[in-house]
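First up is the structure itself, then whatever we jot down about it.
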Amino acid sequence: MFRNLIQLIGVLTTALQVTMSSQYCSQDACFNIDLTDDGYANIQMEVPPTTGWVAMGVGQSMRDADMYISWLGSQNQMVLSNRKSTGHVQPTANAEQNVQLLGGSGVNSQTNRMIVNFRRLQQPNTTNASPITKDTKDFIWAVSATRPTSDSVAANIIPHSSKGTFTLDLSQPGSIGQATENKAARSMMLAHASLMFIAWAAFAPFGVFIARYFKWRLPTWDKWFIVHRGVMFGGVAVFTITAIVLGIILSEGNHFKTSHQIIGLVVLLAMACQIVLGFVMNKLWKPNRPKSPWYEHMHQWLGRSTVLLAWVNIGLGLKLVTASKVLVGLYIAWVCLILIGFVFGQALAFRHAKKSKNLEQVHHVNVNKDLPTTF
């Protein structure tokens, strides 16, 4: 009975705080902020009890935000971590935790919600924290379905599964916040994703398919090379470079810190090597050679590996922006269709090779045997 009374008092206290504070709610979480006369900001974060962690930040983006991340600890107590974010990487815990966890925090069985009540100074005595005053209006938030495995304030956290930004008028107690969106950043992100998809999930497979399976099918000897070079250089290279420039802008100064960024750099370097190898192969090609030299095999296998790596990175990009299951499913289905196309192409190639006795000769000698050494 005493325990139920305590929980009831907690519910009434929470309800009173919510009615007096400014509030923003998304589908995943609610955030309440109340500025007190004694110089403190009382903050409440409320999420479903199955949430792994919840976070709120002071600022317009993760480039420079004062973050408050909380999760249910191993002893069913709330862990609260004050961190500083510097971009789209995991925020680091502050050496000095300028925050105080308040009573009423935890999983409330009456409301079936996980609640985090805490407070901090409106004007912190440190340069590492952003002020929260009546003029403050920009906030960010995020949640994850995966709970950290440690109770340390510096515990490693799994990337968010949902995120957003909102504005809140703290000069008007009881005001309702509004979700905001950086339209320019969103447009750049969509452009980055679209360019990379077209480059590596459309142009690149097409260019590879032409070079491997259409040398004996195009009407004249040089057509396959013209198409291959145009697609790979004019399509893949130009689109990739443009997309990476957009990605660098979006990273807000935090370059090559995530798996997606690092793999993107590897793909870019591999693409540059492929362009060089392509021109070398063209320059050194001879019609009377008995077999393909090592650098042609290197070009073929590096190309295939780079395409596969780019496909993986597109998947990581979809995960990074928490793309819908439908979009991820469509992407996987598209990749599967490409692979089926290559299996079909390989079957035709072996059929043609059987007639020509040697697949290697089909690709390099028989097709071009009476032609000049350069294109």
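Keep in mind that what you see is a predicted model, and the values were worked out from it rather than measured.
Ion pairing between D169 and K134 fails under the 4.0 Å rule for side-chain N and carboxylate O. A salt bridge between D66 and R120 is present, with a side-chain N of the basic residue lying under 4.0 Å from a carboxylate O of the acidic one.
The main-chain N or O of M67 is found under 3.5 Å from a side-chain atom of N82 such that the two form a donor-acceptor pair. A donor-acceptor pair is defined here as one N or O able to donate and one able to accept, closer than 3.5 Å; such a pair exists between the side chain of T242 and the backbone of V238. Under a 3.5 Å cut-off, the side chain of N98 and the backbone N or O of A129 do not form any donor-acceptor pair. At least one donor-acceptor pair closer than 3.5 Å links the side chain of T36 to the backbone N or O of Y40. Under a 3.5 Å cut-off, the side chain of S144 and the backbone N or O of H160 do not form any donor-acceptor pair. When atom types are taken as modelled, the side chain of T167 and the backbone of D138 share no donor-acceptor pair closer than 3.5 angstrom. The main-chain N or O of T111 is found under 3.5 Å from a side-chain atom of N108 such that the two form a donor-acceptor pair. W71 contributes a side-chain N or O that, together with a main-chain N or O of S150, makes up a donor-acceptor pair within less than 3.5 Å. Formation of a donor-acceptor pair under 3.5 Å by the S162 side chain with backbone atoms of V143 is not found in this model. The closest donor-acceptor contact from the side chain of Q274 to the backbone of H299 lies under 3.5 Å.
A donor-acceptor pair shorter than 3.5 Å can be found between the side chains of W200 and T240. Defined by atom type and a distance below 3.5 Å, a donor-acceptor pair is present between the side-chain atoms of S22 and S175. Q346 and Y213 share a donor-acceptor pair across their side chains, judged by distance under 3.5 Å alone.
Within a 6.0 Å radius of NZ in K137, other residues, nucleotides and ligands contribute 12 heavy atoms or fewer. More than 12 heavy atoms of other residues, nucleotides or ligands lie within 6.0 Å of CD in Q77, so this atom counts as buried by the packing criterion. Within a 6.0 Å sphere centred on OH of Y331, other residues, nucleotides and ligands contribute more than 12 heavy atoms.
Under the 30°/60° scheme for interplanar angles, the aromatic rings of H228 and W224 are found to be tilted. Ring geometry for F31 versus Y24: interplanar angle under 30°, hence parallel rather than tilted (30 to 60°). By the 30° and 60° cut-offs, the orientation of the rings of F139 relative to F166 is parallel.
The hydrophobic clustering, which links ILVMFWY residues whose side-chain heavy atoms are closer than 4.5 Å, places L330 and F197 apart. Put simply, F206 and I338 are part of the same group of oily side chains (I, L, V, M, F, W, Y) that touch within less than 4.5 Å, one to the next. In terms of hydrophobic clustering, with Ile, Leu, Val, Met, Phe, Trp and Tyr side chains grouped at heavy-atom distances under 4.5 Å, V227 and F342 are assigned to a common cluster. Hydrophobic cluster membership is shared by L250 and I198, with clusters built from Ile, Leu, Val, Met, Phe, Trp and Tyr side chains linked at under 4.5 angstrom. Residues L327 and V321 fall within the same hydrophobic cluster, defined by Ile, Leu, Val, Met, Phe, Trp and Tyr side chains chained together at heavy-atom separations under 4.5 Å.
For the atom pair OG of S26 and CH2 of W141, the computed distance is 3.5 Å after rounding to the nearest 0.5 Å. The OG1 atom of T86 lies 8.0 Å from the CE atom of M62; values are rounded to the nearest 0.5 Å. The line from CE of M196 to CG of L246 is 9.5 Å long, rounded to the nearest 0.5 Å. Rounded to the nearest 0.5 angstrom, L277 CG and H297 NE2 are separated by 13.0 Å.
For the pair V153/L80, no side-chain contact is recorded, criterion being any heavy-atom separation below 4.5 Å from C-beta on. No side-chain heavy atom of N117 sits less than 4.5 Å from a side-chain heavy atom of N42. You'll find the side chain of S81 stays beyond 4.5 Å of the side chain of Y68, heavy atoms only. You'll find the side chain of I43 stays beyond 4.5 Å of the side chain of R119, heavy atoms only. When side chains are defined from C-beta on, M45 does not count as touching C30, because their heavy atoms never get closer than 4.5 Å. Looking at heavy atoms from C-beta onward, Q44 lies out of side-chain contact with I33 at the 4.5 angstrom threshold. The shortest distance between side-chain heavy atoms of C273 and L302 falls below 4.5 Å. Looking at heavy atoms from C-beta onward, Y295 lies in side-chain contact with L284 at the 4.5 angstrom threshold.
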Open item on the list: Could you go through K283 and F279, starting from their C-alpha distance and side-chain angles, then the distance that decides it, and tell me whether this counts as side-chain contact (heavy atoms from CB on, under 4.5 Å)?
Closed with: CA-CA 6 Å; K283 189 68 177 178; F279 280 102; over 6 Å; no
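Residues S21 and N32 come closest through the heavy atom pair OG-CB, 3.3 Å.
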